[in-house]
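In what follows, a structure is listed as structure tokens, so that the remarks can point back to it.
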Amino acid sequence: MSSTSSSFQMGELVADRHVRYILMAEKKKESFESVVMDHLRMNGAYWGLTTLALLDKLGSVSVDEVVSWLMTCQHESGGFAGNTGHDPHVLYTLSAVQILALFDKLDILDVGKVSSYVAGLQNEDGSFSGDMWGEVDTRFSYISICCLSILKCLDKINVKKAVDYIVSCKNLDGGFGCTPGAESHAGQIFCCVGALAITGSLHHVDKDLLGWWLCERQVKSGGLNGRPEKLPDVCYSWWVLSSLIMIDRVHWIDKAKLVKFILDCQDLENGGISDRPDDAVDIFHTYFGVAGLSLLEYPGVKAIDPAYALPVDVINRIILNK
Amino acid sequence: MHGRPRKAYKPEEEAASAAKAVKLRSLQNQFMSNHHAKIYTKEAIDLSTKLLEINPEAYTAWNYRKLAVEDALSREESNQDLVKSVLDEELKVVESALRQNFKSYGAWHHRKWVLSKGHSSVGNELRLLDKFQTLDSRNFHAWNYRRFVVELTNRSKEDELKYTEDMISKDFSNYSAWHNRSVLLSSLLAKAEGFMPNEKIPDEYQLVHDAIFTDEDDQSGWFYHLWLLDQTVNVETPLLTSSWPSHGSCINLSGGAGCLNDSSSSKLTTSCSESGSFPLILYFNQAVGGVSSSTVTVDSELRGNEDLVWEPVSNKNSRVSSVWVARLKYMSSEPCFPKEYTVKVRIGNSPGIVSSRGCNFSTPYEFVFTAHVHDTVREDSQEVAVSWTDGFDIWDAQSKDLNFLVNLDQQMGLKWRQEAIEEEIELFRALSDSKIGKLTLARLLMAKAMISENGVKGVHYEEILELYNDLMVLDSSHYHYYKDEHSVALLHKVTSSTESLSRHLFRYRDMNNSVCLRLNNLSLSRIASVEKLLFVQMLDLSHNELHSTEGLEAMQLLSCLNLSHNRIRSFSALDSLRHLKQLRVLDVSHNNIGEHSVDTTRYLCSSPLSNSEWTEDEVGRQMTSLVTKYWDAYFVLRDLNLKQLDIAGNMIAGDEFYTLVPQVVPTLVWLNGHRVRS
């Protein structure tokens, strides 16, 4: 990683460059990388906007522009698609709700319609499908619970059955997989722990067992991997870290080393963060890197809620004000 | 998105990329119009095939194909050959998409969806899976799909177990295979047909040794070995670990609002309570549900205790816990006529107590204790605050109260377990230079201490503590993990014998010889062995490194707690104290409350954030902004009936916070040593 400017010290967050990278990425809609990810633009918008919010630069975007595009993605079923014209799916429905929460514009939604779409995807066994085509995955359990909680409609689903299904995906190493019997994976663990956190059900987690599995994701370079014998990746700085925080075991990793790893993944010149040092940057890893730094209390980054993945002040405003 | 090198694009590359983008955009637009117009002609379907070849993640295209298939099937369901060719085509498209990206959720799900319509053989699917296994043995999509096929076709668990063994012998560094093996084996062990733990578990230890010792940094076998250890040490059946009052003990109670000063008596545990009741605590070896007046009977002449209400000591959403409490009422006797009551507690006479894993409490258990009830003594309300330094007497070494430390020996099938642990200890002693070697040895020695009958338990603790000290240096990234384990071992050591525990016990004269346990200045970062400390009324944990009170909720007799000079960061970290109905004195001065932006116990605290009910009260209505700002202090403090609170030396302690505290705690008399109420 070469830097022509000598004003950068090793180990500094180049926040302004990341802000510029995000704002410019929005404009590069017709690059091949962008077109091939056209279908998940709603996720990309959530990653970009939340990063801006954490760096206190949400004011740099036009709320009206974003919101009017966002509403074109809503389907008659109430669910949201990844982009205009695509089919609805819970993945994008959550991102849409999260974006509106960031802008404090949840009131433009027909909450009944959106919540019915999500609640309607719960199956008999408590699990959730992603859309009408029936793929079941604990990611969708988290998404539905998180979404309905923000909309204050959690009572529209059978919470006990939802929790029981998640618990049925708990493995003997303390982790969670996407379906019962599936291998533990940090992304799935975040989803299950997050869902249990939001529903006040963390007593189902063996915190010591899972905590040890999670803290052993930290490899010699200081980065975190997603499961044993895999390479470290900045996105796990979110999934592993937020899981550790929710179960109060984050002190079991070396936080300073992880900060250094994340900072080493920055493109100091052009902005953006990559999965590993010297790899290509993207919005996804930029968000997870900054969110990880937030959880590590890096100065200049606002606090993020580990369960809802939105700034703490946003969640406190929504949940704690009756 | 992953693993692509960072480089600036050359102009030719930019141009080529732009051209590709234009092509893809045009393809997408055409596809979209077909999809919205519900056009399922061969040309339209071929277009979607082209799109998915370039971009297997275009999920709408997979949806479209399902609609196209349903359209074809609805028109041609009688023509079995045509149906088969339609479905075969789908399987081909999935296979080619998977070659592009074998991690595509959309592709794998489409295959499952097609398969649910029939028309592929198990042989085909397993062959496909073998291909993907060779490409990447850790591909969890492939392993999940394998489980899907196995269930669809009813392949036996034993066959699948053999498959995992084949994978492992090819390459021990296959965590996915070990994981699958653990799933299959635990299911087979539960059914117990030719799969007995005492035979199979020792075999598995042999199998996993290669994985651990070949490459000391490879984690693939670590978690499997830990699971084997858990299977060796932990009995499935729920058992009672301890109780308060304990079997054969004698407790003193006094009626009404006062307490009798009975320092002459060597019988202990004076329990004073304003409510004329005392807690009966059951501490099980694991979380159980179903504890009630039907499954636990309490026989005594103490009137008013028919239909006891048993509550689990856990958060509001849970009906299971390893700790259950019922409050037994008693009436003060007439003056000069103390009464003695025998209380007999029978657990498990009728079925109903079940562990959260579905195992029944099977062997009924009984214990007996005596309660001495004295007359009421009108006592003036306390003139001075409780002191942690003055007014303490040393413990009476002759006291019989610590006989609860005798193990409730209900362990079953001990021999194979002890042998397995001994063998593992011998093996790991020989190879204990590595991190995993030392860590496993420490765990094995702890396990041995837990499953050995009373005896020279004290001997191993020094070795365990030394191993954790070594690990703190050897693997400094995980320093605080080893520190926590060190604290647990230290507390096990302290509570392992009457003699060592007595050194930390005192009596507080000013509160009727309340039992005080001093565990200060021990560098404790974690609480443990609480099941042996249920009799404690005052606990001094000052000058340690605690950041949470997790574990203290079982100490139902606790009336005074000193946590000054620790590392508590927030009130949410004190959530477990909400279960201590008798807590009156709390010192959290000189901690870190209010210093950090990240709250690691935010979701371990019952509040609206974790969707726990919130009954609004006057304070919540009157002081809304303060209640939102200090939400965790509000929720935790309002559930405590504190008389005395010390919070100086924390960042949160300031005028604004001090206006909130007396409102939230109406029973508060002393704040930071000053009277706030008369």
Selection from [options] maximising heavy-atom pairs under 4.5 Å formed with chain B:
{"options": "A:Leu196, A:Leu172, A:Asn270", "value": "A:Leu172"}
{"options": "A:Cys178, A:Pro180, A:Ser149, A:Ala197", "value": "A:Ala197"}
{"options": "A:Leu258, A:Val163, A:Asp208, A:Val136", "value": "A:Asp208"}
{"options": "A:Ala81, A:Pro228, A:Cys235, A:Ala256", "value": "A:Pro228"}
{"options": "A:Cys215, A:Ala303, A:Gly181", "value": "A:Gly181"}

Portion of A:Asp248 that has a non-hydrogen atom of chain B nearer than 4.5 angstrom:
both

Non-hydrogen atoms of chain B under 4.5 Å away: do they reach the side chain of A:Lys160, the backbone, both or neither?
neither

[X] versus chain A, heavy atoms under 4.5 Å apart: side chain, backbone, both or neither?
{"X": "B:Leu226", "answer": "side chain"}
{"X": "B:Glu151", "answer": "neither"}
{"X": "B:Asn315", "answer": "side chain"}
{"X": "B:Arg25", "answer": "both"}
{"X": "B:Asp484", "answer": "side chain"}
{"X": "B:Arg146", "answer": "neither"}

Checking side-chain polar atoms at under 3.5 Å, does [X] have a donor or acceptor matched by the opposite partner on [Y]?
{"X": "A:Gln188", "Y": "A:Asp137", "value": "yes"}
{"X": "B:Tyr145", "Y": "B:Asn139", "value": "no"}
{"X": "A:Glu216", "Y": "B:Gln219", "value": "yes"}
{"X": "A:Asp173", "Y": "B:His179", "value": "no"}
{"X": "A:Ser184", "Y": "A:Asn171", "value": "yes"}
{"X": "A:Asp282", "Y": "A:His285", "value": "yes"}
{"X": "B:His35", "Y": "A:Asp87", "value": "yes"}
{"X": "A:His39", "Y": "B:Glu57", "value": "no"}
{"X": "B:Asp171", "Y": "B:Ser173", "value": "no"}
{"X": "B:His478", "Y": "B:Asp475", "value": "yes"}

Top contributor to chain A interface from [options] [non-hydrogen pairs under 4.5 Å]:
{"options": "B:Val627, B:Asn63, B:Thr601", "answer": "B:Asn63"}
{"options": "B:Lys23, B:His480, B:His110", "answer": "B:His480"}
{"options": "B:Tyr64, B:Tyr105, B:Tyr479", "answer": "B:Tyr105"}
{"options": "B:Ser176, B:Ala18, B:Ala58", "answer": "B:Ser176"}
{"options": "B:Tyr482, B:Trp222, B:Tyr224, B:Trp143", "answer": "B:Trp222"}
{"options": "B:Asn144, B:Val320, B:Asn55, B:Val183", "answer": "B:Asn55"}

Taking the six-membered ring for Trp and the full ring for Phe, Tyr or His, determine whether the centres of B:Phe223 and A:Trp212 are under 6.0 Å apart.
yes

Rounded to the nearest 0.5 angstrom, the CZ-CD1 distance for A:Arg249 and A:Ile245 is 13.0 Å

